[in-house]
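The next block holds one structure in the form of structure tokens; read it before the comments.
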Protein chains: 2
Amino acid sequence: MDKVKDIVKERLQLHGIKPSLQRMAVMEYLMTHRTHPTADMIYTDLYPSIPTLSKATVYNTLNLLVERGVVRMITIEEKNARFDACMEPHIHFRCRDCGAIIDVDVEAHWIPAMPDGITVEMSETYCIGSCAECNKRKVS
Amino acid sequence: MDKVKDIVKERLQLHGIKPSLQRMAVMEYLMTHRTHPTADMIYTDLYPSIPTLSKATVYNTLNLLVERGVVRMITIEEKNARFDACMEPHIHFRCRDCGAIIDVDVEAHWIPAMPDGITVEMSETYCIGSCAECNKRKVS
DNA sequence: ATCCATTTTTAGAACTATTCCATTTTTATT
DNA sequence: AATAAAAATGGAATAGTTCTAAAAATGGAT
């Protein structure tokens with residue numbers, strides 16, 4: 001009866017990933033939290049409900065998911081990698097003031113013309129500036 | 001008589017940065033090595049000629065240069081930050097096979113329409129795939 | 001030149017994100 | 001139930017970066 005878990009399981013299996021408890025938990029977390037969390041945030045939030053969970057498992061799972069193209073890794077922040085289960089074309093904006101990372105929808109992602117011989121598998125566009133809330137705060 | 005050093009010094013002073021020996025060296029390195037080096041590469045290469053150089057100074061300098069908008073930090077690689085003194089609009093391509101980071105010229109950098117209230121200061125586009133050499137190698 | 005305040009550099013410790021490793025647990029198969 | 005393979009675990013190890021406190025360099029004012 002748990003629709004979400006069924007979708008999660010299907011998405012993993014579709015990419016040849018065995019849906020273990022831990023992998024399901026990480027994937028479900030990413031699909032239900034569109035906050036571009038770090039590995040540590042995922043671990044911290046899942047730990048209470050899976051007390052045997054290890055950080056290594058979270059990292060292993062995330063690496064596997066990225067490898068198989070189920071989630072994407074976002075390197076918009078030097079410090080830590082962030083993860084996003086939404087594979088629709090969109091770009092990311094980071095607010096320099098509050099640190100929020102915001103999805104920005106685009107019709108189609110821009111991929112500039114490449115020099116001869118180069119083949120592009122994926123591309124990411126990162127924008128950095130101030131978000132609406134922080135801009136408002138500054139004026140007042 | 002050293003033209004390069006004059007240009008380096010001018011570029012630092014233009015941004016209110018006192019041109020110390022170390023800062024000059026880091027900036028000159030970035031301007032003459034268009035390889036998007038890491039902090040460690042810069043340190044390792046400069047160390048022989050400045051034997052008192054400390055890694056902290058390299059990091060301090062790079063952070064200062066980025067803050068003042070003299071160089072840009074490239075986070076195309078999770079592991080370490082890379083630096084680029086070229087501020088002309090261009091994007092970066094990383095070869096998944098050999099790790100090379102290549103400049104790709106663009107007429108103008110794409111900045112998608114942002115939701116209301118957001119102001120964008122800068123944007124970066126990263127492409128990942130296989131470079132010409134690696135593609136050639138794979139066919140043969 | 002000398003003194004003083006300020007800025008910059010330095011070395012190494014500290015911190016943090018991530019990976020590695022050896023062991024244990026779980027899962028699937030016979 | 002026995003066995004083999006895959007996954008998870010905890011903790012140690014690694015690596016990039018920052019922090020800290022002290023030393024060195026710089027730039028006036030005297």
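The sequence lines fix the lettering, A, B, ..., with proteins before strands; numbering per chain opens at 1.
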Under 3.5 Å donor-acceptor, A:Thr75 side chain and B:Thr75 backbone: yes

5' to 3' contact window, DNA chain D with chain A (heavy-atom distance under 4.0 Å): D:dA6 to D:dT18

All salt bridge (charged side-chain N to carboxylate O under 4.0 Å, His left out) counterparts of B:Arg137, not counting sequence neighbours: none

Residues in salt bridge (charged side-chain N to carboxylate O under 4.0 Å, His left out) contact with B:Asp40, at least two apart in sequence or another chain: B:Lys55

Neighbours of DNA chain D within residues 50-76 of chain A, by heavy-atom distance under 4.0 Å: A:Thr52, A:Leu53, A:Ser54, A:Ala56, A:Thr57, A:Asn60

d(CE, A:Met41; P, C:dT18) in whole Å: 11 Å

For atom CG of B:Leu46 and atom P of C:dT9, their distance in whole Å: 13 Å

Side chains of residues 109-122 of chain B: which donor-acceptor pairs under 3.5 Å do they make with residues two or more places apart or in other chains?
{"from": "B:His109", "atom 1": "ND1", "to": "B:Ser123", "atom 2": "O", "distance (Å)": "3.3"}
{"from": "B:His109", "atom 1": "ND1", "to": "B:Ser123", "atom 2": "OG", "distance (Å)": "3.2"}
{"from": "B:His109", "atom 1": "NE2", "to": "B:Thr125", "atom 2": "OG1", "distance (Å)": "2.9"}
{"from": "B:Thr119", "atom 1": "OG1", "to": "A:Asn135", "atom 2": "ND2", "distance (Å)": "3.1"}
{"from": "B:Glu121", "atom 1": "OE1", "to": "A:Arg96", "atom 2": "NH1", "distance (Å)": "2.3"}

d(CD, A:Glu77; C1', C:dT18) in whole Å: 15 Å

Separation of atom OH in A:Tyr43 from atom C1' in C:dT19, rounded to whole Å: 16 Å

With sequence neighbours excluded, residues passing ring pair (Phe, Tyr, Trp, His ring centres under 6.0 Å) with A:Phe83: none

Pairwise side-chain contact, A:Arg82 with A:Pro37, heavy-atom cut-off 4.5 Å (strictly under): no

Kindly list each side-chain donor-acceptor pair under 3.5 angstrom involving residues 45-54 of chain A, sequence neighbours excluded, with atom names and distances?
{"from": "A:Asp45", "atom 1": "OD2", "to": "A:Tyr29", "atom 2": "OH", "distance (Å)": "2.4"}
{"from": "A:Ser49", "atom 1": "OG", "to": "A:Leu46", "atom 2": "O", "distance (Å)": "3.0"}
{"from": "A:Ser54", "atom 1": "OG", "to": "A:Ala56", "atom 2": "N", "distance (Å)": "3.0"}

Pair listing, salt bridge (Lys or Arg N to Asp or Glu O under 4.0 Å) test, anchored in residues 10-33 of chain A, at least two apart: A:Lys5-A:Glu28

Sequence neighbours excluded and cut-off under 3.5 Å, please list the side-chain donor-acceptor pairs for residues 62-71 of chain B, or say none.
{"from": "B:Asn63", "atom 1": "ND2", "to": "B:Tyr59", "atom 2": "O", "distance (Å)": "3.4"}
{"from": "B:Arg68", "atom 1": "NH1", "to": "B:His15", "atom 2": "O", "distance (Å)": "3.2"}
{"from": "B:Arg68", "atom 1": "NH1", "to": "B:Gly16", "atom 2": "O", "distance (Å)": "3.1"}

Shared-cluster residues of A:Ile74, by chain and number - hydrophobic side chains joined below 4.5 Å: A:Ile76, A:Ile101, A:Tyr126, B:Ile74, B:Ile76, B:Ile101, B:Tyr126

Phosphate contact (C:dA17 OP1 or OP2) by B:Lys79 side-chain N/O below 4.0 Å: no

Stretch residues 11-25 of chain A: residues that reach within less than 4.0 Å of DNA chain D through a heavy atom: A:Lys18, A:Ser20, A:Gln22, A:Arg23

Listed partners of B:Asp97 passing salt bridge (charged side-chain N to carboxylate O under 4.0 Å, His left out), at least two apart: B:Lys138

